[in-house]
Amino acid sequence: MKVVLITGASSGIGYSTAELLAKNGYKVYAGARRVEKMEPLKAFGVIPVYLDVTDEGAAKSVVETIIKTEKRIDVLFNNAGYGSYGPIENVTLDEAQKQLDVNVLSVARMSQLVLPYMRAQNEGRIIVTSSVGGKVTSYLGGWYHVSKFAVEALSNSIRMDVADFGIQVSIIEPSGVLTEWGAIAADHLEESGKDTVYQKVTKQVADYYRQMYKKKSSLVNDPKNIALIVKKAIEAKKPKIRYQDTFPAKMSVLMSRLAPDRFLDKIMKNTVVK
Ligand code: NDP
């Protein structure tokens, strides 16, 4: 039975992935701060654990518990994250640091903790939830994009570092997914603009996201579909390095490579400001 640790499993993509993998015979440890939200996952055999990915001690104790109980760890799904949207001029550097700690350093922290065991096993998979936002920058997406661009580079580095030890790394680049993420990003954005010259646009863009994240659409995917991609990345003999979830996501990544920067700026702004 393959042993999996998922971060950010109390909601959205992490929650759906924990459920799917447990239903398919994996031994799943589901980590998040809101342990109570993971209670229903116990019905599928998931083991919820308290995990604040910014807390070195908590992270270490989770990995030690898994090794003590299971004697191995096959998959780390680095998924915890949130969207700290807002104009760079306004967002405090304390908040920026928090964004980078949760979205970027946690990927390194969790990977450092599991890698010695994966190396000893001579096999293992690390899967990281990045975003299309790790390739293209949306208007007023600020530090979120800094974090996801960094996650892309960090995952590239880990992949190359550990390739000789039988460990494979895959990056998931979803576009919109119907989770708590949308409302959290919109709240950050609106709050960051309050009583400043950015008030009107931040409110406008926050409302655009609130509307967009109300229901599934061609731009907002079901988290269950991301869980299926994660399962595919775990089970493929030769997993892809990058997985995008939808046609618009694939097009965005392609455009980020081919389109001139000023053209991209215009498209990204016009998408969210009507
Ligand atoms: P949700 O807000 O639904 O879930 C986020 C998860 O991250 C929660 O389980 C939350 O758990 C956890 N989390 C946040 N902060 C911490 C922390 N300090 N320690 C541990 N866990 C934490 O959003 P998604 O499921 O959408 O987000 C999952 C990933 O997908 C994120 O990395 C996000 O950036 C990325 N993504 C999302 C997209 C979307 O449109 N939804 C698109 C592209 C990428 P808790 O608060 O209980 O700790």
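Quick caveat: nothing in here was measured; it's all calculated off a predicted structure. No hydrogens, no waters, no symmetry mates; every other heavy atom, side chains included, goes into these values. Whatever order the structure lists them in is the order used to number ligands and atoms, beginning at 1.
- Following chains of ILVMFWY side-chain contacts shorter than 4.5 Å, one cannot reach L264 starting from V273, and the two form parts of different hydrophobic clusters.
- The N/O atoms of T54, backbone and side chain alike, include none that comes under 3.5 Å of an N/O atom in ligand 1.
- Distance from atom 44 (C) of ligand 1 to its nearest protein heavy atom, with residue and atom name: S130 O, 3.2 Å.
- Remark: K98 is positioned above the aromatic ring of Y82, its terminal NZ or CZ atom under 6.0 angstrom from the ring centre and at most 45 degrees off the axis.
- Interface atoms of ligand 1 facing T129, defined by a heavy-atom separation under 4.0 Å, are 29 (C), 30 (O), 35 (C).
- Contact atoms of ligand 1 toward G81: 5 (C), 7 (O), 31 (C), 32 (O) (distance under 4.0 Å to a heavy atom of the residue).
- Nearest-heavy-atom check against atom 34 (O) of ligand 1 across Y209, Y82, Y144 picks out Y144.
- Using 4.0 Å as the threshold, K148 has a heavy atom nearer than that to some atom of ligand 1.
- In this structure, the protein non-hydrogen atom closest to atom 18 (N) of ligand 1 is D52 OD1, 3.1 Å.
- Within ligand 1, the atoms closer than 4.0 Å to a non-hydrogen atom of G12 are 3 (O), 25 (O), numbered from 1 in the order shown.
- The shortest contact between atom 31 (C) of ligand 1 and any protein heavy atom is with N79 O, 3.3 Å.
- Residue A9 approaches ligand 1 through these ligand atoms, each under 4.0 Å from one of its heavy atoms: 9 (O).
- For K237, the NZ atom counts as loosely surrounded, since its 6.0 Å shell holds 12 or fewer non-hydrogen atoms of other residues, nucleotides or ligands.
- Nearest protein heavy-atom neighbour of atom 8 (C) of ligand 1: S10 OG, 3.5 Å.
- For atom 22 (C) of ligand 1, the closest heavy atom belonging to the protein is A80 CB, 3.7 Å.
- Classified by interplanar angle (parallel below 30°, tilted 30° to 60°, perpendicular above 60°), the ring pair W181/Y209 is perpendicular.
- Considering backbone and side-chain atoms alike, G8 places an N or O below 3.5 Å from some N or O of ligand 1.
- Geometric assessment of K2 against the ring of Y26 yields a negative cation-pi assignment under the 6.0 Å and 45° thresholds.
- More than 12 heavy atoms of other residues, nucleotides or ligands shown are found within 6.0 angstrom of CG on N270.
- For atom 14 (C) of ligand 1, the closest non-hydrogen atom on the protein side is R33 NH2, 3.6 Å.
- No single ILVMFWY cluster, assembled from side-chain heavy atoms under 4.5 Å apart, contains both L178 and I172.
- Residue L51 places a heavy atom less than 4.0 Å from ligand 1.
- Linking Ile, Leu, Val, Met, Phe, Trp and Tyr residues whenever their side-chain heavy atoms come within less than 4.5 Å leaves L100 and F149 in two separate clusters.
- Within the structure, the closest approach of Y15 to ligand 1 does not fall below 4.0 Å when heavy atoms are considered.
- For atom 23 (O) of ligand 1, the closest non-hydrogen atom of the protein is T179 OG1, 3.3 Å.
- Around atom CG of L93, no more than 12 heavy atoms belonging to other residues, nucleotides or ligands sit under 6.0 Å away.
- Between G133 and ligand 1 there is no heavy-atom distance shorter than 4.0 Å.
- Looking at S192 and N90, their side chains never bring a donor and an acceptor atom within 3.5 Å of each other.
- Close contacts of ligand 1 with G176, meaning ligand atoms under 4.0 Å from a residue heavy atom, involve 40 (O).
- Side-chain atoms of E173 and S130 form no donor-acceptor pair, as typed in the model, at a separation below 3.5 Å.
- By the 6.0 Å contact criterion, OH on Y50 is enclosed, its count of non-hydrogen atoms from other residues, nucleotides or ligands being greater than 12.
- For G14, no nitrogen or oxygen atom sits less than 3.5 Å from a nitrogen or oxygen atom of ligand 1, counting backbone and side chain alike.
- Of the N and O atoms on the side chains of Q99 and Y144, not one donor lies less than 3.5 Å from an acceptor on the other residue.
- Under the 4.0 angstrom criterion for non-hydrogen atoms, S175 is in contact with ligand 1.
- Proximity to Y213 (heavy-atom distance under 4.0 Å) selects the following atoms of ligand 1: 39 (C), 40 (O).
- Residue-environment remark: NZ (K250) exceeds the threshold of 12 foreign heavy atoms within 6.0 Å.
- Atom 19 (N) of ligand 1 has its closest protein heavy atom at V53 N, 3.0 Å.
- Of the polar atoms of V177, at least one N or O is found under 3.5 Å from an N or O of ligand 1, judged by distance alone.
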